[in-house]
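Input: a single structure, listed below in structure tokens.
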Amino acid sequence: MKVVAKNLNFTYSPKTKGLSFRALDNVNVEIKEGEIFGIIGKTGSGKSTFVQHINGLIKVQKGGGALKVGDYDLTDKKCDYKSLRAKVGMMFQYPEHQLFAETVFEDVAFALKNFAKDISAEEIAARVKEALSTVGLDYNEVKDKSPFDLSGGQKRRVAIAGVIVAKPEILVLDEPAAGLDPKGKREFLELLLRLHKDYVKTIIIVSHDMNLVAEYCTRAAVFSGGKIIATGTPKEIFSDKNIIEKSGLDLPLTAALTEKLKSKGIITDSDFTVEDFTEKLIVALKNGGKIR
Amino acid sequence: MRDVSFGSYFPSNSFVHKMDARAKILIAIAYMVAVFLVSAFHFLGFAACLLFVILATVVSKVPFLRVLKSVRTIIFFVVFSAILQLFFNKKGTVVFWVITDVGLLNAGFIIARIMLIVLGASLLTLTTSPVELADGIEGLLCPLKWIKFPVHEFALIMSIALRFIPTLIDETDRIIKAQKARGADFESGNIFKRAKALIPVLIPLLISSFRRADELADAMDSRCYAGSKTRTRYKKLRFTFRDLIGVLVVAGLIVGIVYLNGFYALNSLAEIAGAL
Amino acid sequence: MPILEVKNVSFSYGQKEKALKGVSFSVEKGEFLAIVGHNGSGKSTLAKLLNGLLKPTGGEVVVDGFSSNDKNAVFEIRKRVGMVFQNPDNQLIASIVEDDIAFGPENLGVAREEIGKRIDFALHAVGMEDFRKATPERLSGGQKQRIAIAGVLALKPQVLVLDESTAMLDPQGRKEIAAVIDNLRKSGVSVIAITHYMDEAVKADKVLVLDRGLVALSGTPKQVFSQKAALDALGLEQPLAGIIADKLRAQGAKIPENVITEEELLGAL
């Protein structure tokens, strides 16, 4: 499923003077199947408003442009949002804050029961088991526990399982690593790659963490004042001074280092992932005779 | 980003804003009493009340539209009460279909009464910040300390509740969205189904409220909160000439209405006497 | 003499395993101490022990001569050790900025005129003078957190404890808080920051790594963050510059062991 937005506009409180706020301003973007797509920009630049359009949590306004997700036309009044949401999973910041059921099993099964009314009990059990083991939890150990008795990290995993259990094709994550300790963050990112490999096709990440974007995203869109001011690979975005200045974003460390090393004539280029950056740097150091 | 017009504070430096919250609350209560004192069908009394609200609005520098907007939230209630009167009041003579002249007058009377009360109440909240309001209520409740009523704690709870309303509205919004993304449906089904659908929203909301309460308690403790005993107040309420003027005006309003009521009563007495 | 001393402090919530098992350290006037550790290492418990929100079950915390074991000293300790928490929304109690900042001094029974001065002082210290009459809900996360800090500064504390106070902020907000910390240190206030962000801890004078209720590592940021193997074992990681330096070193590049920041890495190259 592709996401295609054409001239997408959105205004909060359009009729109230003073309170009215244009959150999206002619947004054009195409997110292809299979991408890990980054949505970046400062707080209030329109990122959240945009991603919430993708599964119809915010509906396209009249005359607000066009938005298609796969075959779903979100400007169509008859658009079936429920089946769309089954295919576009969305995880908000601190997803563990939406746990509610008495047992982990019930909580994870919630989405399944909502999306497929006639699903059998065996199938539910099988899917819940699969989702829990995907996020690295032992089904038999946790299924009957209250989600509120788990540790913070486990709660977050249960919450993720509760989203991916519906087997969405697109997974939208809003600031997914917020509040995790370094180890939790590392494990979460590994999980993300695993999910992308064999669970969900497309991942869309809203994040303030430029190091994460440089490392994991295939492409990204830069939001600023409700507009997308640039779309491209992390390399294209972070090597364009204009974009960085206009959007007020920080550079990922690898990009900052690359730029400074370039000006010293030590290396010529890198794609800003840690691996590629160190590789290029090692080659340069070897050529310069600093490593033998 | 939300449009909450009823009861939201409109900051300004006007005469009314600078008045003592206690005086404003008392005046608002007196004004409402005045509205209720207007006896049946004597719309001149309502005109006097309306004049009072308009005057207060002008002096408070709050735009008229802001004040009027507060009525919007209760318009359904007003229309509903008016319709009840229109269609079910059987007194008087029929003027049109089932509608009687008394029904018509009663409907008008009810609309006028509710609207005037809401206008007055919203003017109070528009010109008095929640904190001042809580302080004002605390001040007015002070005599209750004699019967060991925890006035200070009561006022503090109230102002904290006011402070957290917008936070909790945002939180509810977030949780609803998260559950909708998991396929929750809040719009279809009968009333029981819909009530049940709210569980996945209410439980996380409850849990987060407890968490917030815990953290707030720690934050208050950290800032040396120890009850009301040795506390001082940064903002002291002070009764000034402004408050005196306000009290005099509202007293005038009440006297006027009572006088009008008496005048009408005398008139009808005279009529009866004449007929005898 | 240190302003705050933690002497062999232990703590347990009921019968469960102890959350802290004998922690000792001290903080000097104007010093910046970062405390890191994975979730469940005892960091937040430690924070709450520093200003008497919790009482140690063993050992003592001494602040400016007042001991946590002295029942009558708890407010003296809280006056001196201010605490800012993670979620700014959950620590602002009033709907107007100046009223919120007044809360602490009001509790102490400070006179009205003095409260006014303290509000001026606190707002100035966090650079929020223009927001005195503002409503917190209209502010950004970083601004709200600065107001929360101002609310604590109005008590004129000698130590400011930040318990993961930047965890919910965006990069802009984190920069704002970092600038406030810099300012405070210049004015002689000691700062203890509990954080998950290694690049924040790098800026401290001293770093303390907690693990399962014990101090696992401590020292200057350079000393602590150059120990890759130890950090890995503790569920932590080096700042990214340190990680890159390490990879280069593994390939034979001559980069000193204690390179942990961008500038140092550039210098070494």
Side-chain angles (χ1 to χ4, degrees), chain B residues 1-2 4 7-13 17 125 128-135 152 155-171 174 208-238, chain C residues 44 47-48 50-54 74-116 118-119 133-138 144 148 151-155 157 160-161 163:
Chain B
M1 306 248 159
R2 213 162 289 98
V4 207
S8 57
Y9 180 56
F10 183 88
S12 163
N13 235 340
H17 284 78
T125 53
T128 319
S129 76
V131 180
E132 285 176 288
L133 213 52
D135 283 354
H152 161 74
L156 186 68
I157 289 169
M158 220 162 37
S159 73
I160 288 175
L162 286 167
R163 147 75 185 81
F164 273 88
I165 285 171
T167 308
L168 290 179
I169 290 177
D170 278 351
E171 171 115 54
R174 244 193 326 268
S208 103
S209 303
F210 279 126
R211 188 177 51 238
R212 286 179 193 279
D214 253 358
E215 290 181 25
L216 182 69
D218 276 345
M220 287 170 66
D221 276 341
S222 294
R223 284 158 79 182
C224 298
Y225 180 69
S228 57
K229 271 179 206 153
T230 55
R231 271 194 118 219
T232 44
R233 298 309 285 270
Y234 173 53
K235 282 186 180 158
K236 255 227 166 82
L237 299 171
R238 261 205 218 116
Chain C
S44 282
K48 286 182 180 168
L50 297 179
N51 77 340
L53 288 176
L54 295 174
V74 64
F75 285 101
E76 294 302 326
I77 290 180
R78 283 184 189 160
K79 246 193 269 182
R80 287 165 175 78
V81 183
M83 179 102 87
V84 178
F85 299 87
Q86 192 182 90
N87 189 340
D89 275 328
N90 298 352
Q91 38 193 328
L92 302 178
I93 63 132
S95 310
I96 292 173
V97 166
E98 63 173 351
D99 292 347
D100 188 80
I101 297 172
F103 181 74
E106 283 176 340
N107 288 334
L108 294 180
V110 173
R112 270 194 65 211
E113 294 69 36
E114 170 68 14
I115 295 180
R118 290 204 183 187
I119 295 173
K133 305 271 178 194
T135 317
E137 60 193 89
R138 301 262 165 87
K144 280 187 207 173
V152 169
L153 291 180
L155 293 162
L160 183 70
V161 180
D163 186 3

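Each chain gets a letter, A, B and so on, in the order the sequences are listed, and its residues count up from 1.
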Largest heavy-atom contact set with chain B, pairs under 4.5 Å, which of Gln86(C), Glu113(C), Gln91(C): Gln91(C)
Side chain, backbone, both or neither: which part of Glu137(C) has an atom under 4.5 Å from a heavy atom of chain B? side chain
Chain B contact via Pro105(C) - which portion, at a heavy-atom distance below 4.5 Å: backbone
Would you say the side chain of Tyr234(B) lies within less than 4.5 Å of the side chain of Ile119(C), judging by non-hydrogen atoms? yes
For a quick test of reading the model, state the closest non-hydrogen atom pair linking Asn107(C) to Cys224(B) and the distance between them. CB-O, 3.2 Å
Not counting sequence neighbours, which residues clear side chain to side chain contact (heavy atoms under 4.5 Å, CB included) with Arg233(B)? List them please. Asp135(B), Glu138(B), Arg231(B), Glu106(C)
Once salt bridge (Lys or Arg N to Asp or Glu O under 4.0 Å) is applied, what residue pairs with a partner in residues 213-222 of chain B remain, sequence neighbours excluded? Asp218(B)-Lys48(C)
Is a donor on one side and an acceptor on the other found under 3.5 Å between the side chain of Thr232(B) and the backbone of Val110(C)? yes
Heavy-atom distance under 4.5 Å to chain B: side chain of Phe85(C), backbone, both or neither? side chain
Going by heavy atoms in the side chains, are Leu155(C) and Arg223(B) under 4.5 Å from each other? yes
Chain B contact via Leu50(C) - side chain, backbone, both or neither, heavy atoms under 4.5 Å: neither
With sequence neighbours left out, write down each residue that passes side chain to side chain contact (heavy atoms under 4.5 Å, CB included) with Thr167(B), or none if nothing qualifies. Arg163(B), Phe164(B), Arg212(B), Asp89(C)
If you count heavy-atom pairs under 4.5 Å with chain C, which of Ala213(B), Ala217(B), Ala219(B) comes out on top? Ala219(B)
Who in residues 75-82 of chain C is close to chain B, using a strict under-4.5 Å heavy-atom cut-off? Phe75(C), Arg78(C), Lys79(C)
Sort Leu53(C) into side chain, backbone, both or neither according to what part of it lies under 4.5 angstrom from a heavy atom of chain B. side chain
